[in-house]
2 protein chains.
Amino acid sequence: MTESPVHHESPIYRRIADRLRDQILSGALGDGDRLPGENALMNEYGIARATARQALAVLINEGLAVPKRGSGVYVRLFRPIRRHGSRRLSREQWAQGLAIWDSDTRGRSYAVDEVRIAREAASEHVGRVLGTEEVWVRRRRYSVDGRPVQLAASFFPADLVEGTAVVLPDTGPGGVYARLGELGHAPVHFSEEVRARMPLPGETELLNLPAGTPVISVTRVALAEGGVAVEVNEMTLDAASYVLQYDFDA
Amino acid sequence: MTESPVHHESPIYRRIADRLRDQILSGALGDGDRLPGENALMNEYGIARATARQALAVLINEGLAVPKRGSGVYVRLFRPIRRHGSRRLSREQWAQGLAIWDSDTRGRSYAVDEVRIAREAASEHVGRVLGTEEVWVRRRRYSVDGRPVQLAASFFPADLVEGTAVVLPDTGPGGVYARLGELGHAPVHFSEEVRARMPLPGETELLNLPAGTPVISVTRVALAEGGVAVEVNEMTLDAASYVLQYDFDA
DNA sequence: GAGTGGTCTAGACCACGTA
DNA sequence: ACGTGGTCTAGACCACTCG
């Protein structure tokens, strides 16, 4: 009774997914092309609806396809923004009154909304880095070409920025870094931590993410002269919309 | 006696997923704890098996839980490696005979396997950057504490490294960068591009990735004096195992 | 052996987009 | 109006893990 060498073929849904994936990666199906739908797969392979759905779900969860209600399943488009990690934060940028965002988008239209500014108790992590218990927070969402691509929350020590333009909706030319400079706390060094993970439901909603799209989480700490942390910025990026670039010397 | 579903609210499977997610994020269910299984959810909520599966699939695809055949569904563990983008590639590192990997793992055991070295025709992208049509490639896989965490492929201009230790399995103290230095092409500048996406099936297999785990794709170009590209390194990291850190001045 | 997740069938009704 | 994907039921058999 031992035995039965159980040879394992791939399940049907996986073989169908493999075949469709090949067509996408080989370019036989291009950006935005329509995939065979549930009904088409049922007929073509003689399978149940749930099995056809399962095959499509594989590609959707891989981020290769996006379903459109009442219409079909389509090959996903990919058009990333290049975000320069160091050049964009050079002193010349904000010293000349440019928004950081300007160096990323190269003329593509962008917008900021969902701006919320508040004084809050610092989270454990932020409080430890900034060495304070009360912070001012600037939360906002960035969109490019009408599509939301990034959520950001900047934290400042409350005592440092209280009553300044840093806590106003419009921070003026050069943004908060220029204002911090005027306060004698110009950032001179930055440290960024980059992670990637699947989005939480709130992020999925605010960034309008289809299934199969990870987010890139960037946590930046801005340090003034003497190594004093003056800002923590927690950013959540649509991974399908970004390429991060970092340059450094050996 | 079935109740008609109310469609102004979230679907059942999503509400169940939300509840379980809350328990995970609030810490009520900790790392490695067992979630209620399919049968438990069927009984508890009076739903069909497929619906219970759907609820669990949400959490699995979010990377919050991992299914174990014949056993159950468990809260996922998270234990990242910190990878320093600039410090680790400083000249002192490889000039002192240290492997780059040493600066990442802080004493945790690591291993390299699946090493394959070959002379190949360059891909379109790599060929353009290196300005050559033939390349030597070093492919390998890194594991930490017995778990695979990274795939890497380093490309070098074939003419530059032909017959040198760069194309040998053991590249000697300080690794390929030290060897390139001896050839008069020491890297002086690095440029890294960071992306995140869902893994392809081959990557899922080699990195042993559970569903819901993105990969971080890092493409590094090493430039010698005069801006000549001497290496392109394409890395694929298990996103659940890494935190990338980049430091730079304003 | 009992329980678990993995795959699959054959139906059903719904909300939605497009024509 | 029709076809699409979204949700759900009620079964079934399998391979696997664990006590």
Side-chain angles (χ1 to χ4, degrees), chain A residues 1-18 20 32-61 64-76 201 204-205 208-212, chain B residues 1-18 20 32-61 64-76 201 204-205 208-212:
Chain A
M1 11 238 83
T2 92
E3 82 26 74
S4 149
V6 263
H7 173 257
H8 282 135
E9 306 177 341
S10 291
I12 299 177
Y13 79 93
R14 200 156 271 288
R15 292 213 303 274
I16 296 174
D18 289 345
L20 293 174
D33 283 354
R34 193 175 188 282
L35 294 175
E38 298 177 359
N39 295 328
L41 293 177
M42 289 169 67
N43 295 333
E44 185 178 352
Y45 293 94
I47 55 176
R49 163 168 275 245
T51 307
R53 281 183 70 75
Q54 212 174 353
L56 292 170
V58 170
L59 302 173
I60 291 167
N61 282 324
L64 296 173
V66 285
K68 294 221 184 294
R69 279 185 117 99
S71 173
V73 181
Y74 297 85
V75 178
R76 173 157 204 188
T204 300
E205 198 176 2
N208 196 23
L209 298 173
Chain B
M1 298 295 295
T2 52
E3 306 185 10
S4 49
V6 184
H7 281 89
H8 270 87
E9 306 172 359
S10 294
I12 299 176
Y13 79 92
R14 201 154 269 289
R15 294 216 302 276
I16 296 174
D18 289 345
L20 293 174
D33 283 355
R34 193 175 189 282
L35 294 176
E38 298 177 358
N39 295 328
L41 293 177
M42 288 169 68
N43 295 333
E44 185 178 353
Y45 293 94
I47 55 176
R49 164 167 284 247
T51 308
R53 280 184 70 75
Q54 214 174 351
L56 292 170
V58 170
L59 301 174
I60 291 167
N61 282 324
L64 296 174
V66 287
K68 293 216 185 300
R69 275 188 118 98
S71 172
V73 180
Y74 298 84
V75 177
R76 174 158 200 187
T204 300
E205 198 176 3
N208 196 23
L209 298 173

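In what follows, every chain begins at residue 1, and chains take the letters A, B, ... in the order their sequences are listed. Note that the structure is predicted; figures quoted are calculated from it, not measured. Worth knowing before you read on, the calculation uses all heavy atoms, side chains too, and leaves out hydrogens, waters and symmetry mates.
Each of B:R34 and A:I47 lies near DNA chain C, and the nucleotide nearest B:R34 is the one positioned closer to the 5' end.
Qualifying salt bridge (charged side-chain N to carboxylate O under 4.0 Å, His left out) partners for B:R53, counting only residues two or more places apart in sequence or in other chains: B:E38.
Distance, A:L59 CG to D:dG5 P: 13 Å, rounded to whole Å. Atom CZ in B:R49 sits about 19 Å away from atom P in C:dA10, given to the nearest Å. Per the geometry, CG belonging to A:L41 stands 13 Å off P belonging to C:dC8, to the nearest Å. Straight-line distance from the CG atom of B:L56 to the C1' atom of C:dT4: 11 Å, rounded to whole Å. Atom CD1 of A:I60 is separated from atom C1' of D:dT4 by 12 Å (rounded to the nearest Å).
Residues A:G37 and A:R34 come closest through the heavy atom pair N-NH1, 4.5 Å.
For D:dC8, the OP1/OP2 oxygens have no side-chain nitrogen or oxygen of B:Y13 closer than 4.0 Å. Residue A:R53 places at least one side-chain N or O closer than 4.0 Å to OP1 or OP2 of D:dG6. Considering only side-chain N and O atoms, A:N39 lies nowhere under 4.0 angstrom from the phosphate OP1 or OP2 of D:dG3.
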Distance-only criterion, 3.5 Å: show the donor-acceptor pairs between side-chain atoms of residues 64-75 of chain B and protein atoms not counting sequence neighbours.
unit_1 : atom_1 : unit_2 : atom_2 : d
B:S71  : OG     : B:Y74  : OH     : 2.6

Pick out the pairs of N or O atoms, protein on one side and nucleotides 16-19 of chain C on the other, that lie under 3.5 Å.
unit_1 : atom_1 : unit_2 : atom_2 : d
C:dG17 : O4'    : A:R69  : O      : 3.3

- Please assess A:N39 against A:R49 for the test side chain to side chain contact (heavy atoms under 4.5 Å, CB included), listing each intermediate value before the final yes or no. CA-CA 7 Å; A:N39 295 328; A:R49 163 168 275 245; 3.4 Å; yes
- Item | Audit row: B:L56, B:L20, side chain to side chain contact (heavy atoms under 4.5 Å, CB included) steps and yes/no | CA-CA 9 Å; B:L56 292 170; B:L20 293 174; 4.2 Å; yes
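The structure places CD1 of B:I12 at 12.0 Å from CG of B:L41, a figure rounded to the nearest 0.5 Å.
Among the heavy atoms of the strands lying under 4.0 Å from B:I12 are primed sugar atoms or P, OP1, OP2 only; no base atom is included.
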